[in-house]
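Worksheet: the structure to be examined is printed underneath.
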Amino acid sequence: MKCVAIGDNFITTDMMKKGIESYQYLSFDSIEYFFFGLHSRHEMRHIVKVIETGGFETLDLPEGLLEAVEDADVIMCHLCPITKTVLERAKKLKLILCNRGGHENIDVAACTERNIAVLLNPSHNANAVAEFTVGLILNETRNITRSNIAINNGEWREKYPNTATQIHEMCDMTIGLIGFGSVAKLVYQKLKAFNCRFLISDPFGNYDDINKNIAKFVPLEQLLANSDVVSLHARLSRKSILLGEEEFKKMKNTAYFINTARSYMVDYDALASALKSGEIMGAAIDVFDVEPVTKENNPLVGLDNCTLTNHRGGDTINSYSDSPAMMMKEAQKFFEGDMPKFWLNPSIKR
């Protein structure tokens, strides 16, 4: 079998080479490596935003890729677009291994039409994002960044946006998790150590993964009305707002909102209005429609009761370097007739 592996500035070709060639249980007769995108992370953030907003077909492919895929059985990628043009040239292709949780860079419909399996890896940065989410919750509820900024500005600050309503410890809080996939399950596991209670809203959620004494699945409206922290971990297949003006009105005025998932699912104008009016207590946000974020392009900038970070959630070396080997394990399952994790189009025939 032949594999074409396409790295980028995040999951590099060296990471792919190490993951593919060190995996002992599945090997390829030949492998060709390519680099997609730009070598600057700052510039790559723009490419990521183009991909996540549906413009992947406008991006340039690596030189020589179309010729290389003509006799490839497997493509491993991260951000490189796998377009209809690529698939039309890949006559022998059986499997695409995509080292990310989203599939916005892949023409999945064309893959299914051509009987090509697509495997994703939402777990590759799940622990990193989960750790970051916990950090944002602690940071926002306990005023860590605000205190630091005040001291650096020569101020010994005693009053914060949440001082008047009292600052609670995590053991007093009910955490609302919207979506219960890889990241949310890890957030749940980590926050159990803080003795939190949990409300979970996910139509596909697995009850086997929760302790029913401290957590339960509920409709979204019930979660919004009864959670002290609402953390978004869903991913919709199309651009659609899940949380807007009406949803923020349903939350407690002492509640906090956290988003380390997708920006397009939240009406940030409505969120800013809710923060300014006191409809909710605070927010911590890591993802945005337009990046870099400025006062001119985002209404959340400058609000005292909102912590903003520049898309750092999944940015650990582990989340990138470990992924190719994880994908090779799933590829082995596919070729041996077992069921891989996160198979996007399992209706195809093997």
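- Within the 3.5 Å criterion, the main-chain N or O of His168 finds no donor-acceptor partner in the side chain of Asp172.
- Formation of a donor-acceptor pair under 3.5 Å by the Thr53 side chain with backbone atoms of Lys49 is found in this model.
- No donor-acceptor distance shorter than 3.5 angstrom exists from the side chain of Asp322 to the backbone of Ser319, with no hydrogens or angles considered.
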Evaluate salt bridge (charged side-chain N to carboxylate O under 4.0 Å, His left out) for Lys84 paired with Glu88, printing each intermediate quantity in order.
CA-CA 6 Å; Lys84 188 172 292 187; Glu88 286 172 350; over 6 Å; no
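- Contact between Asn99 and Pro324 at its shortest, heavy atoms only, is OD1-N, 3.4 Å.
- Between the side chains of Thr133 and Ser231, no donor-acceptor pair is found at a separation under 3.5 Å.
- Taking the six-membered ring where the residue is Trp, Phe35 and His39 present parallel rings, their angle staying beneath 30° rather than reaching 60°.
- Between the Thr309 side chain and the His311 main chain, no donor and acceptor come within less than 3.5 Å of each other.
- Just one of Asn298, Asp289, Asn259 meets the side chain to side chain donor-acceptor pair (under 3.5 Å) condition when paired with Tyr268; it is Asn259.
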Which is it for Val4 and Tyr33 under the side chain to side chain contact (heavy atoms under 4.5 Å, CB included) test, yes or no, and what are the steps along the way?
CA-CA 6 Å; Val4 171; Tyr33 292 95; over 6 Å; no
Quick one, Leu191 with Ile137, criterion side chain to side chain contact (heavy atoms under 4.5 Å, CB included). Give me CA distance, side-chain angles, the key distance, then yes/no.
CA-CA 10 Å; Leu191 288 181; Ile137 293 171; 4.0 Å; yes
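- Residues passing the salt bridge (charged side-chain N to carboxylate O under 4.0 Å, His left out) test with Lys252 are Asp228, sequence neighbours excluded.
- The salt bridge (charged side-chain N to carboxylate O under 4.0 Å, His left out) test applied to Glu70 returns Arg89, not counting sequence neighbours.
- In summary, the side chains of Lys190 and Asn127 do present a donor paired with an acceptor at a separation below 3.5 Å, with no hydrogens or angles considered.
- Looking only at distances, a side-chain donor or acceptor of Arg146 sits under 3.5 Å from a matching main-chain atom of Asp304.
- In this structure, His78 and Tyr320 have perpendicular ring planes: the angle between them is above 60°, well past the 30° mark.
- In this model, a donor atom of one side chain and an acceptor atom of the other lie less than 3.5 Å apart for Tyr256 and Asn162.
- Remark: Phe248 engages Phe257 in a ring-ring contact (aromatic ring centres under 6.0 Å, His included) (not counting sequence neighbours).
- Counted by atom type alone, Asn310 and Arg45 present zero donor-acceptor pairs between their side chains at under 3.5 Å.
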Would you check, one step at a time, whether the test side chain to side chain contact (heavy atoms under 4.5 Å, CB included) holds for Leu223 with Ile200?
CA-CA 7 Å; Leu223 181 151; Ile200 303 165; 5.6 Å; no
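- Phe217 has its ring centre less than 6.0 Å from the ring centre of Phe180.
- Formation of a donor-acceptor pair under 3.5 Å by the Glu279 side chain with backbone atoms of Asn253 is not found in this model.
- Phe334 carries Arg350 over the face of its six-membered ring, with the cationic atom under 6.0 Å from the centre and within 45° of the normal.
- No donor-acceptor pair under 3.5 Å is formed between the side chain of Asn305 and the backbone N or O of Pro161.
- The salt bridge (charged side-chain N to carboxylate O under 4.0 Å, His left out) check on Glu21 picks up nothing, with sequence neighbours excluded.
- When ring centroids are compared, Phe34 and Phe36 stay outside the 6.0 Å threshold.
- Between atom CE of residue Met76 and atom NZ of residue Lys17 there is a gap of 14.5 Å, rounded to the nearest 0.5 Å.
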Check step by step if side-chain hydrogen bond (donor to acceptor under 3.5 Å, both in side chains) holds for Arg100 and Asn125.
CA-CA 8 Å; Arg100 58 194 302 261; Asn125 66 354; over 6 Å; no
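- Tyr264 and Glu52 are not linked by any side-chain donor-acceptor pair at a separation below 3.5 angstrom, with hydrogens and angles left out of the test.
- Under 3.5 Å, the side chains of Asp286 and Thr260 contain no donor-acceptor pair of N or O atoms.
- Rounding to the nearest 0.5 angstrom, the gap separating the CD1 atom in Ile75 from the CG atom in Leu87 is 7.0 Å.
- Remark: Glu246 does not engage Lys250 in a salt bridge, criterion side-chain N to carboxylate O under 4.0 Å.
- Within the 3.5 Å criterion, the main-chain N or O of Lys349 finds a donor-acceptor partner in the side chain of Asn115.
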Could you go through the side chain to side chain contact (heavy atoms under 4.5 Å, CB included) check for Lys329 and Lys341 one step at a time?
CA-CA 10 Å; Lys329 183 177 180 179; Lys341 292 181 180 178; over 6 Å; no
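- Proximity of a side-chain donor or acceptor of Asn345 to a complementary backbone N or O of Ile116 within less than 3.5 Å is detected.
- For the residue pair Glu140 / Thr307, a side-chain donor-acceptor distance below 3.5 Å is found, with atom types taken as modelled.
- When atom types are taken as modelled, the side chain of Asn297 and the backbone of Pro292 share a donor-acceptor pair closer than 3.5 angstrom.
- In this structure, Asp71 pairs ionically with Lys2, as a charged nitrogen and a carboxylate oxygen lie closer than 4.0 Å.
- Residues Ala117 and Ile348 approach most closely at N-CD1, 3.3 Å, considering heavy atoms.
- The side chain to side chain donor-acceptor pair (under 3.5 Å) pairs that include a residue from residues 191-201 are Thr174-Arg197, Gln189-Lys192, where partners are two or more places apart or lie in different chains.
- Remark: Glu43 engages no residue in a side-chain hydrogen bond (donor to acceptor under 3.5 Å, both in side chains) (not counting sequence neighbours).
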